[in-house]
Amino acid sequence: MKRALSILMVVTLMAASLTGLAMAADNEAAPYYLSVTGAVLAVEESEFGFSVEIALPDTDREARAFLNITDRTVFPFEEEINVGDTVTAFYIANAPMIMIYPPQYTVAVLVNGAPASDTVTVDRFNPMEGEVRRYLSQAGDLIVNIGPDTEIVLADGQEFADGNIDGRRLVVIYSISTRSLPPMTTPSKIIVLFEDAVTGPLPLSPEDLPEMPVTTLPAPAPVTPWTPLPAPAPVTPWTTLPAPAPDSINASGWPIQVNGNPITAPAAFQTGYTVMVPLRAIAEALGYEVEWDAATRSIRLGVAINTWIGSTEVHIGRMAPQTISIAPGLVDGSTFVPLEFFRVIGINNAYAFEGQIVIDNINEPME
């Protein structure tokens with residue numbers, strides 16, 4: 001009986017995930033976030049931060065899920081989670097999910113300890129044409145009217161100074177709504193979620209950083225012979241290594257393959273004996289979400305891997321920092337890292353040989 005129930009839950013969760021992806025394809029009626037509610041069974045530390053096991057309502061102990069709580073999870077009310085609490089977790093509707101049982105959700109917003117009179121909705125909200133300070137959720141199921149007493153803050157609790165919430169992802173807290181279709185409410189509080197960095201080329205170039213000067217290296221032509229770089233200034237992130245011996249390879253301009261597939265990316269180049277490759281294109285081909293923080297000039301891969309322009313340290317979860325030979329640097333607005341970076345973060349193979357650069361995590365590590 002328990003085995004049958006587990007199989008049924010897997011099928012149901014797969015169907016729900018596929019439904020969420022289908023809804024995302026129809027962006028006029030697809031919510032940006034979905035939610036799951038349950039009673040807390042256990043709270044444990046994990047590589048992401050915390051893992052919260054919940055029992056789904058109206059089911060026996062076999063129906064449960066795991067919530068991955070990270071340092072990016074927003075708590076509109078209470079942050080402390082105890083066994084027995086009833087929580088609601090909001091997660092991105094079209095985020096990839098591993099089809100396993102029990103399911104695991106990476107939580108963007110966790111509602112815990114909300115007053116009984118409050119309702120919480122999380123979605124992307126767009127301005128209504130011809131209306132002033134009225135916004136419609138992406139799912140089309142709630143109209144928000146911004147009132148004079150509506151408190152608007154950022155996810156870290158700071159005042160939202162921008163004032164423009166057009167198209168932003170919001171946590172909307174309200175107690176009363178109309179019976180219209182869709183219902184309309186004047187919320188008591190709105191939390192504006194931080195937006196992830198957009199995909200594509202890094203949005204900043206060195207000239208956009210007047211207070212943080214950086215030396216931009218010229219992008220080499222795909223077949224141009226290697227030329228030694230000038231000695232760096234004390235604050236430059238690059239270290240010029242000795243020129244390779246005449247009989248050594250020069251991988252500048254070599255094509256890049258990730259998991260057996262060629263990718264389109266800025267050309268690799270070589271400094272000394274070190275091959276420098278474009279970080280974003282390779283990381284995204286490996287399945288990582290790449291985020292850029294302009295304030296700290298940091299790059300995050302997934303939820304646990306962090307590196308910085310000008311620093312040779314690589315932080316992976318709670319492990320001790322790892323060190324790479326050359327710090328990441330900007331070339332024409334793109335971040336380049338030494339090829340060894342990908343072996344440091346746990347990718348099986350990252351080598352330049354036989355006229356190509358190969359990064360893969362599908363084959364056994366090469367000797």
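Every heavy atom of this structure was used, including side-chain atoms; hydrogens, water molecules and symmetry mates were not.
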Answer yes or no: is there a donor N or O on one side and an acceptor on the other, between the side chain of [X] and the main chain of [Y], under 3.5 Å?
X	Y	result
Thr150	Pro187	yes
Ser175	Ser117	no
Ser51	Glu44	no
Asp85	Asn82	yes
Gln104	Pro102	no
Arg300	Asn306	no
Arg297	Trp308	no
Glu340	Ser325	yes
Glu131	Arg133	no
Gln138	Ala30	yes

Atom pair [atom1]/[atom2] of [X] and [Y] - distance to nearest 0.5 Å:
X	Y	atom1	atom2	value
Arg168	Phe160	CZ	CZ	5.0 Å
Asp332	Leu330	CG	CG	9.5 Å
Tyr33	Thr121	OH	OG1	13.0 Å
Thr274	Phe336	OG1	CZ	14.5 Å
Ile305	Gln322	CD1	CD	11.0 Å
Phe342	Ile282	CZ	CD1	4.0 Å

If a pair satisfies salt bridge (Lys or Arg N to Asp or Glu O under 4.0 Å) and one of its residues is in residues 308-331, list it, with sequence neighbours excluded.
-> Glu45-Arg318

Only pairs at least two apart or in different chains count here, so list each salt bridge (Lys or Arg N to Asp or Glu O under 4.0 Å) that has a residue in residues 257-273.
-> none

Go through Leu110 and Val52 one step at a time and tell me if the side chain to side chain contact (heavy atoms under 4.5 Å, CB included) criterion holds.
-> CA-CA 11 Å; Leu110 188 75; Val52 178; 5.6 Å; no

Close aromatic pair by centroid cut-off 6.0 Å: Tyr135 and Phe125 |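 Judged by ring-centre distance (under 6.0 Å), Tyr135 and Phe125 do not meet the cut-off.
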
Can you tell if the side chain of [X] reaches within under 4.5 Å of the side chain of [Y], non-hydrogen atoms only?
X	Y	result
Asn112	Val40	no
Tyr32	Ile92	yes
Pro365	Asn348	yes
Asn259	Asn361	yes
Pro338	Met276	yes
Leu339	Ile359	yes
Val275	Tyr351	no
Phe269	Val331	yes

Please name the pair of heavy atoms, one in [X] and one in [Y], separated by the smallest distance, quoted to 0.1 Å.
X	Y	value
Val144	Ile146	CG1-CD1, 3.7 Å
Gly253	Ala267	CA-CB, 4.5 Å
Pro182	Gly140	CB-O, 3.5 Å
Asn126	Gly167	OD1-CA, 3.3 Å
Leu301	Ala283	CD2-CB, 3.8 Å
Ala93	Pro31	CB-O, 3.4 Å

Does the side chain to side chain contact (heavy atoms under 4.5 Å, CB included) test come out yes or no for Val314 and Ile324, once each step is laid out?
-> CA-CA 7 Å; Val314 180; Ile324 52 180; 4.0 Å; yes

Can you list the steps and then say if Ile173 with Val120 is a side chain to side chain contact (heavy atoms under 4.5 Å, CB included)?
-> CA-CA 5 Å; Ile173 303 172; Val120 179; 4.3 Å; yes

Using a 4.5 Å side-chain heavy-atom cut-off and chaining through intermediate ILVMFWY residues, the residues clustered with Ile176 come out as none

Please determine whether residues [X] and [Y] belong to a single hydrophobic cluster, defined as Ile, Leu, Val, Met, Phe, Trp and Tyr linked transitively by side-chain heavy-atom distances below 4.5 Å.
X	Y	result
Phe50	Tyr91	yes
Val87	Val83	no
Ile165	Met184	no
Ile256	Leu286	yes
Ile152	Tyr174	yes

Walk me through it: do Phe90 and Asp123 pass the test side chain to side chain contact (heavy atoms under 4.5 Å, CB included)?
-> CA-CA 9 Å; Phe90 290 87; Asp123 205 348; over 6 Å; no

Is it true that the side chains of Ser298 and Asp293 contain a donor and an acceptor less than 3.5 Å apart?
-> no

